[in-house]
Amino acid sequence: MDTAWPISSGNWPRKTAEVLVSAISWVVFLVLDFLDTVLCIFFRIADEYIEGNARECYCHNRGEKGTSVMSDERESEVSETLYGRKNLFREIGFLGFPRKLEGLQENGGGKGVVGSRWSDCGCESCVSWMSNGDQKLHVVVKEPSKATFGHGCSERATENVIFLHGFLSSSSLWTAMVFPYLSESTNRNYRLFAVDLLGFGRSPKPRDCLYTLRDHLEMIEESVISPNELGSFHLVSHSMGSVIALALAAKYSKSVKSITLIAPPYFPSPRGDASLTALGRLAERKIWPPLSFGSAVMSWDLHFLVMDLARHTHQSAWHSMHNVICGGAKSMDKYLDALNGSGAKVHIMHGTQDQLIPPECSFSIKMKVPHTQLNILPNADHITVILDREKHFTRDLERIWASASGVRIGE
């Protein structure tokens with residue numbers, strides 16, 4: 001019997017599905033491009049009407065900015081992905097686009113103007129920093145359960161650990177998922193700092209801040225390292241926080257004992273456009289497959305994670321995503337080279353099912369920093385690399401800290 005169309009041969013079902021997904025994706029993002037353009041006009045008018053000061057957006061080619069008052073140094077810290085977002089309607093000059101970037105940052109960058117915008121969240125978590133006048137980051141400090149200095153030579157010196165959360169998260173990730181599971185020995189000998197990064201959680205969210213990598217570093221220095229006189233410390237970070245952690249480790253190479261990166265975003269680009277490469281990998285214009293984030297969260301009573309999703313402003317989230325995750329990609333090789341020359345222990349944890357930050361990011365870091373200890377967790381994604389294994393995760397951290405300090409577990 002002649003079988004001209006055997007089901008087992010050819011890949012037409014898969015190819016047909018790919019073409020269909022591509023076509024639907026193109027239509028969906030065309031609609032979103034139009035919505036983006038319309039909303040840009042809407043917020044410009046609303047800002048002018050409500051605040052009397054319309055803010056220009058990044059709807060233009062970077063080379064056309066001309067009138068920006070930012071210094072060259074500050075300008076170099078702004079990711080080109082802010083200017084390089086693809087939008088068909090801007091490219092054809094729809095409704096007068098593109099526009100010039102006039103007076104984007106009247107203060108030339110830095111931590112910006114104190115206050116919130118009409119379009120920002122006004123909940124207590126987001127505005128409490130303005131009422132007390134505190135311009136420092138919100139930091140949850142867990143002191144050792146008893147003093148370890150001055151009680152005989154057998155007592156160990158206190159170890160310091162700084163925790164940095166990921167995008168749209170806060171210090172609650174660590175206080176809920178790590179702090180309750182610490183061993184008695186760790187509680188006795190470690191001082192822990194869980195940081196709300198600038199613009200997230202209960203930390204300040206200045207309205208005109210660029211939220212560059214430098215801004216985040218300076219705030220950590222002013223809020224944690226300097227006031228607590230940290231001569232040495234360990235770093236633990238998740239996702240976006242890993243970029244900041246690597247920058248800290250490079251700057252404080254003689255102070256960092258260990259650095260633990262969980263699902264770090266690292267997208268090396270041989271063409272020198274690492275920022276745009278990172279944006280393309282993280283925000284590919286496709287509607288399928290959906291991230292496994294929803295399925296990971298829905299099966300948990302994760303009130304703190306849900307709350308964290310709203311404890312930021314558009315200004316802080318948008319700029320941190322571009323200027324830290326994408327913009328920081330330009331400096332990642334430099335940070336990793338610094339780690340190679342330091343004595344810090346480097347550990348990475350990554351889930352095999354992470355659809356947001358693929359595991360090859362961690363393998364790429366391993367290639368750059370050969371002494372990295374890589375722990376690839378089967379069936380874990382971007383969230384469950386920590387969740388559902390809190391005790392094991394905490395014990396792993398304790399072993400890393402103890403090893404970096406030359407201490408045996410249980411001492």
When you measure from the side chain of [X] to the backbone of [Y], do you find a donor-acceptor pair of N or O atoms at a distance under 3.5 Å?
| X | Y | result |
| --- | --- | --- |
| H382 | A263 | no |
| K345 | A404 | no |
| S403 | I400 | no |
| K205 | G201 | yes |
| R395 | L182 | no |
| T313 | S316 | yes |
| D381 | Q355 | no |
| S255 | G231 | yes |
| D215 | T212 | yes |

Do [X] and [Y] have side-chain atoms, one donor and one acceptor, less than 3.5 Å apart?
| X | Y | answer |
| --- | --- | --- |
| S362 | H350 | yes |
| S253 | S342 | no |
| N160 | K257 | no |
| S405 | E159 | yes |
| S170 | S172 | yes |
| E221 | Y252 | yes |

Which heavy atom of [X] sits nearest to which heavy atom of [Y], and what is that distance?
| X | Y | result |
| --- | --- | --- |
| T175 | P180 | O-CD, 3.2 Å |
| D354 | P359 | O-CD, 4.0 Å |
| N323 | L210 | ND2-O, 2.8 Å |
| V256 | A249 | CG2-CA, 3.8 Å |
| L198 | P204 | CD1-O, 3.5 Å |
| I357 | S239 | CG1-OG, 4.4 Å |

With side chains defined as the heavy atoms from C-beta onward, is the minimum distance between [X] and [Y] less than 4.5 Å?
| X | Y | value |
| --- | --- | --- |
| L336 | Y266 | yes |
| M240 | L197 | yes |
| T260 | V346 | no |
| N340 | P370 | yes |
| F267 | P358 | yes |
| P265 | C361 | no |
| V178 | F163 | yes |
| H165 | H238 | no |

Rounded to the nearest 0.5 Å, what separation is found between the [atom1] atom of [X] and the [atom2] atom of [Y]?
| X | Y | atom1 | atom2 | value |
| --- | --- | --- | --- | --- |
| H216 | S203 | NE2 | OG | 10.0 Å |
| S185 | E398 | OG | CD | 7.5 Å |
| M219 | I225 | CE | CD1 | 13.0 Å |
| L137 | F200 | CG | CZ | 11.5 Å |
| L192 | S171 | CG | OG | 12.5 Å |
| H312 | Y211 | NE2 | OH | 11.0 Å |

Name the orientation class of the two ring planes belonging to H234 and Y190 (parallel below 30°, tilted from 30 to 60°, perpendicular beyond 60°).
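Taking Y190 first and then H234, their aromatic rings sit tilted (interplane angle of 30° to 60°).
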Could you label the plane-to-plane angle of the F393 and W174 rings as parallel, tilted or perpendicular, counting under 30° as parallel and over 60° as perpendicular?
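The arrangement is parallel - the two ring planes meet at less than 30°.
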Please walk me through it: do L235 and L261 pass side chain to side chain contact (heavy atoms under 4.5 Å, CB included)?
CA-CA 8 Å; L235 287 168; L261 309 172; over 6 Å; no
Evaluate the side chain to side chain contact (heavy atoms under 4.5 Å, CB included) criterion for residues C209 and H319: first the C-alpha distance (whole Å), next the side-chain angles of each, then the deciding distance (0.1 Å), finally the verdict.
CA-CA 9 Å; C209 180; H319 284 81; over 6 Å; no
Under the side chain to side chain contact (heavy atoms under 4.5 Å, CB included) rule, what do L397 and H347 come out as? Steps first, then yes or no, please.
CA-CA 9 Å; L397 291 180; H347 295 260; over 6 Å; no
In this structure, are over 12 heavy atoms from other groups packed under 6.0 Å from K142 atom NZ?
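Atom NZ in K142 is crowded, with more than 12 foreign heavy atoms closer than 6.0 Å.
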Does NE2 in H392 sit with more than 12 non-hydrogen atoms of other residues, nucleotides or ligands closer than 6.0 Å?
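No, not enclosed.
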Run through T372, I365, L246 and flag the one making a side chain to side chain contact (heavy atoms under 4.5 Å, CB included) with L339.
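It is L246, the one option of T372, I365, L246 that forms the side chain to side chain contact (heavy atoms under 4.5 Å, CB included) with L339.
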Does the pair R389/D396 count as a salt bridge with the N-to-O cut at 4.0 Å?
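Between D396 and R389 there is a salt bridge, with a charged N closer than 4.0 Å to a carboxylate O.
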Stepwise side chain to side chain contact (heavy atoms under 4.5 Å, CB included) check, V236 with I259
CA-CA 6 Å; V236 179; I259 176 170; over 6 Å; no
